[in-house]
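Let me begin by presenting the structure, written as structure tokens, before commenting on it.
Below, each value reflects all heavy atoms present in this structure, side chains not excepted, and no hydrogens, waters or symmetry copies.
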Amino acid sequence: MPRKPRIEIAGYYHIVNRGVEQRVIFKEAKDYKKFEELLCSYAPSYGVTIHNYCLMSNHYHLLIEIEDGNLSKFMRQINMNYSIYFNKKNRRSGHLWQGRFKSWYVTDTAYLYTLILYIEQNPLKAKMVKKVEEYPYSTAHYFLEKKLPQCLKNSYIAQNYKDDKEAIEAFLNSAINSSVLQQLKRGASLIEAPNIDKRPKEEDLKAIFENITDIKERNSKIVEAYKDGYSQHMIAKVLGISQPAIFGVIKRGGV
């Protein structure tokens, strides 16, 4: 069955994509910079305004605005060209991305504000930095630390805060509206930033499946574990089975 075409209308979009099997897609500074260059070079050609982004090692978040139904064309250029660059550089072949990028339409101002903060605070949540501007591969770094690139000069923050660094810093470090964030997570299944405090959970997950031999009971526990926040990758690792198999169990479980 052919894939359903995306419905694309003018406005703001939250874009997420990550490496196949959660693999690293940005290995070094050159890789992050290459992706940023692609974003900035193709945006004008497709009438795209880049508002915010954060590039993590195995996934990225973008907040962009389109004028016409050209989202898929723009993202195809970005993902395809980066994949060619990455594969050639690392002498690999095959898919780099887990699939088509995910996109969600930004419906209101509360959604927009929360999304900007969520994207910019990703490295902070992962305890990679102490201040949002210290992470070199997000737009906060440019809004507060470096000269603003041409492709960010029409961004929401640049247009609404101008050069008021103090106001920008206060905004980007403000608390996220938890009720709006929960709505975003339910509706869009946002990718959580990796948090080092969550690593010991693997031991807890092992305990959940300890001494389970019945397949039906195991599958039921897989669904429960996924609902409780354990990733498919971690569940697969603990059980010693493939991630696609875990995905199949979760999908059959109605999640």
Side-chain angles (χ1 to χ4, degrees), residues 13-43 46 48 50-64 71-72 74-104 115-152 155 172 188-199 231-234 236-237 243:
Y13 285 85
H14 175 212
I15 309 295
V16 177
N17 207 354
R18 58 174 150 183
V20 63
E21 297 176 342
Q22 299 190 40
R23 294 180 185 178
V24 169
I25 53 175
F26 303 113
K27 289 187 174 183
E28 57 182 344
K30 289 181 180 179
D31 300 336
Y32 292 97
K33 292 300 180 183
K34 178 64 176 182
F35 194 87
E36 289 177 316
E37 288 171 6
L38 290 170
L39 280 177
C40 286
S41 63
Y42 281 109
Y46 288 89
V48 170
I50 301 171
H51 291 283
N52 300 85
Y53 63 77
C54 182
L55 312 181
M56 303 296 277
S57 62
N58 68 351
H59 71 277
Y60 63 73
H61 289 274
L62 311 178
L63 174 58
I64 64 175
L71 176 62
S72 292
F74 172 68
M75 291 309 305
R76 188 181 302 120
Q77 285 291 345
I78 302 299
N79 289 332
M80 178 185 68
N81 280 282
Y82 183 77
S83 179
I84 292 170
Y85 154 82
F86 187 87
N87 283 354
K88 183 177 180 180
K89 177 174 175 284
N90 294 282
R91 297 181 180 180
R92 70 180 296 275
S93 59
H95 297 294
L96 177 63
W97 308 106
Q98 68 170 3
R100 289 201 298 175
F101 66 92
K102 294 182 180 180
S103 64
W104 297 275
L115 194 50
I116 291 173
L117 296 179
Y118 179 87
I119 289 172
E120 299 291 5
Q121 292 180 14
N122 229 238
L124 201 63
K125 181 178 176 60
K127 298 186 178 180
M128 300 170 70
V129 293
K130 292 183 178 180
K131 295 181 179 179
V132 291
E133 63 268 27
E134 292 175 350
Y135 188 69
Y137 310 119
S138 71
T139 37
H141 183 63
Y142 292 107
F143 292 132
L144 294 170
E145 292 276 309
K146 297 291 184 179
K147 182 179 178 182
L148 200 66
Q150 183 65 38
C151 62
L152 290 177
S155 63
L172 293 181
S189 299
L190 296 180
I191 297 175
E192 292 285 358
N195 190 322
I196 57 174
D197 292 335
K198 293 183 178 180
R199 289 179 185 173
S231 70
Q232 294 179 34
H233 174 72
M234 186 182 289
K237 180 181 177 182
Q243 191 168 323

Subject >> Worked check of side chain to side chain donor-acceptor pair (under 3.5 Å) between R18 and N58 >> reply: CA-CA 6 Å; R18 58 174 150 183; N58 68 351; over 6 Å; no

**OP:** Decide yes or no for R92 and F86: does some side-chain heavy atom of the first lie under 4.5 Å from some side-chain heavy atom of the second?
**Re:** yes

Original post:
Which pair of heavy atoms, one from Y142 and one from K147, lies closest together, and at what distance?
Top reply: CD2-O, 3.7 Å

Subject >> Value rounded to 0.5 Å, distance of OH in Y53 from OG in S155 >> reply: 10.5 Å

Subject >> Validation row: I116, H51 side chains within 4.5 angstrom (heavy atoms) >> reply: no

**OP:** Specify the closest pair of heavy atoms between V24 and K27, including all atoms of both residues, with the distance to one decimal.
**Re:** CG1-CG, 3.9 Å

Original post:
How long is the gap from CG on L144 to OG1 on T139, to the nearest 0.5 Å?
Top reply: 9.5 Å

**OP:** May I ask you to test the S103-L71 pair for a side-chain heavy-atom distance under 4.5 Å?
**Re:** yes

**OP:** Drop me the distance from S72's OG to R100's CZ, to the nearest 0.5 angstrom.
**Re:** 7.0 Å

Original post:
Can you tell if the side chain of M56 reaches within under 4.5 Å of the side chain of N122, non-hydrogen atoms only?
Top reply: yes

Original post:
Roughly how far, to the nearest 0.5 Å, is the CD atom of E133 from the OG atom of S138?
Top reply: 9.0 Å

Original post:
Do the two ring centres, one from W97 and one from Y60, sit under 6.0 Å apart?
Top reply: yes

Original post:
How would you list all residue pairs meeting salt bridge (charged side-chain N to carboxylate O under 4.0 Å, His left out) that involve residues 28-41, not counting sequence neighbours?
Top reply: E28-K89, D31-K89, K33-E36

**OP:** Could you tell me how the ring of Y82 sits relative to the ring of Y85: parallel (under 30°), tilted (30 to 60°) or perpendicular (over 60°)?
**Re:** tilted

Original post:
Do Y118 and H61 come close enough that some side-chain heavy atom pair is under 4.5 Å?
Top reply: yes

Subject >> 4.5 Å side-chain heavy-atom contact, M75 and I15 >> reply: yes

**OP:** Side-chain contact test, heavy atoms from C-beta onward, threshold under 4.5 Å: evaluate it for N52 versus L62 and give yes or no.
**Re:** no

Original post:
Which atoms form the tightest heavy-atom contact between E134 and K130, and what is the distance?
Top reply: OE1-N, 3.1 Å

Original post:
How far apart are the closest heavy atoms of N87 and G94, and which atoms are they?
Top reply: ND2-O, 3.2 Å

Original post:
Hey, mind stepping through L148 and F143 against side-chain contact (heavy atoms from CB on, under 4.5 Å) and telling me if it holds?
Top reply: CA-CA 6 Å; L148 200 66; F143 292 132; 3.6 Å; yes

**OP:** State, with a plain yes or no, whether a side-chain heavy atom of I64 is found less than 4.5 Å away from one of F74.
**Re:** yes

**OP:** Would you give the length of the straight line joining atom OH of Y13 to atom CG of L63, rounded to the nearest 0.5 angstrom?
**Re:** 12.0 Å

Subject >> Interatomic spacing from NE2 in H141 to NZ in K146 - rounded to 0.5 Å >> reply: 5.0 Å

Subject >> Nearest heavy atoms of Y135 and V129, plus distance in Å >> reply: N-CG1, 3.7 Å

Original post:
What are the two closest heavy atoms between V132 and E120, and how far apart are they?
Top reply: CG1-O, 3.6 Å

Original post:
Taking the six-membered ring for Trp, are Y46 and Y42 parallel (under 30°), tilted (30 to 60°) or perpendicular (over 60°)?
Top reply: tilted

Original post:
Is the Y32-F35 ring centre distance short of 6.0 angstrom?
Top reply: no

